[in-house]
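Each remark here refers to the structure printed beneath this line.
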Amino acid sequence: MKNERLKTMYHETFSGLKLFYRDTNLSESLILNYKVGQIIQEKGFTDMSSIGGGLS
């Protein structure tokens, strides 16, 4: 596959993708409930930020 086609596919797939953070401290027992790659849907209000590293 040529680079231009890969660039087009990447843009079509990830266009507008943003990374958001939600800082929280969880106990080990709660962390074990989640898996890498798992999609979590929250039906209530969730606060988040696009700025990493916590509050300054």
Item to check | Rounded distance [0.5 Å steps], NE2 in His11 versus OG1 in Thr8 | outcome: 8.5 Å

Item to check | Straight-line distance of Leu30 CG to Asn25 CG, nearest 0.5 Å | outcome: 11.5 Å

Checklist outcome for this item: Ser29 meets the side-chain contact (heavy atoms from CB on, under 4.5 Å) criterion, sequence neighbours left out, with Ser27

Item to check | side-chain contact (heavy atoms from CB on, under 4.5 Å) involving Leu32 - partner list, sequence neighbours excluded | outcome: Glu28

Checklist entry - For Tyr34, which residues count as a ring-ring contact (aromatic ring centres under 6.0 Å, His included) partner, sequence neighbours excluded? => result none

Item to check | Glu12 side chain vs Met9 backbone, donor-acceptor pair below 3.5 Å | outcome: no

Checklist entry - Residues two or more places apart in sequence or in another chain: which of them pass salt bridge (Lys or Arg N to Asp or Glu O under 4.0 Å) with Glu4? => result Lys7

